[in-house]
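Everything on this sheet refers to the single structure shown next.
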Amino acid sequence: TSSSSSDIKLEGSTVGFHFHGLMEWTVQPGFAITGNAGYRVADIQDTKVDNQSATPELSTDYSGFTFRAGMAFYLPKK
């Protein structure tokens with residue numbers, strides 16, 4: 001059997017903004033749970049396909065809500 005696939009190169013640029021809030025909950029000394037919630041505004045009006053502009057222009061929107069959760073470990077104080 002054979003498999004065929006083609007790669008398409010998409011590129012473009014724009015100015016975007018990202019607004020977010022952070023939180024950190026200390027569970028015990030040296031360990032915390034972290035979180036981040038925000039919104040990103042980023043819209044590429046002329047996305048190029050294989051370095052060529054499409055007609056009509058192809059728009060790519062990266063806007064939307066963002067969420068992140070994590071853990072933080074701290075070295076002990078001397």
Side-chain angles (χ1 to χ4, degrees):
T1 58
S2 66
S3 167
S4 65
S5 66
S6 60
D7 293 330
I8 298 173
K9 182 179 176 185
L10 298 177
E11 59 186 52
S13 63
T14 189
V15 174
F17 300 96
H18 187 124
F19 307 95
H20 65 256
L22 305 168
M23 62 76 73
E24 184 172 308
W25 173 49
T26 302
V27 177
Q28 63 183 23
F31 176 69
I33 302 294
T34 63
N36 177 329
Y39 189 79
R40 173 181 35 226
V41 179
D43 189 13
I44 300 172
Q45 293 299 318
D46 183 19
T47 303
K48 293 181 174 31
V49 179
D50 290 330
N51 206 28
Q52 299 291 320
S53 292
T55 304
E57 288 185 347
L58 178 63
S59 177
T60 305
D61 190 357
Y62 286 98
S63 300
F65 290 100
T66 61
F67 300 97
R68 179 173 41 194
M71 297 180 290
F73 299 93
Y74 299 101
L75 296 174
K77 294 180 181 180
K78 288 186 176 185

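The shown structure was predicted, so the numbers you read here are calculated from the model rather than taken from an experiment. All values below were derived from every heavy atom in this structure, side-chain atoms included, with hydrogens, water molecules and symmetry-related copies excluded.
Closest of all the heavy-atom pairs between D7 and D50 is O-OD1, 4.5 Å.
Within 6.0 Å of the CZ atom in F73, the count of heavy atoms belonging to other residues, nucleotides or ligands exceeds 12.
Contact check for K9 versus N51: no side-chain heavy atoms found under the 4.5 Å cut-off. At least one side-chain heavy atom of V49 sits less than 4.5 Å from a side-chain heavy atom of L58.
Note on M71 and L22: separate hydrophobic clusters, where clusters join Ile, Leu, Val, Met, Phe, Trp and Tyr whose side-chain heavy atoms are under 4.5 Å apart, directly or indirectly.
Listed by first and then second residue, the salt bridge (Lys or Arg N to Asp or Glu O under 4.0 Å) pairs involving residues 56-72 amount to none (not counting sequence neighbours).
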Kindly list each side-chain donor-acceptor pair under 3.5 angstrom involving residues 25-43, sequence neighbours excluded, with atom names and distances?
unit_1: T34; atom_1: OG1; unit_2: G70; atom_2: O; d: 3.3
unit_1: R40; atom_1: NE; unit_2: Y62; atom_2: O; d: 3.0
unit_1: D43; atom_1: OD1; unit_2: S59; atom_2: OG; d: 3.1
unit_1: D43; atom_1: OD2; unit_2: Q45; atom_2: NE2; d: 2.7

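Relative orientation of the F65 and F67 rings is parallel, given thresholds of 30° and 60° on the angle between their planes.
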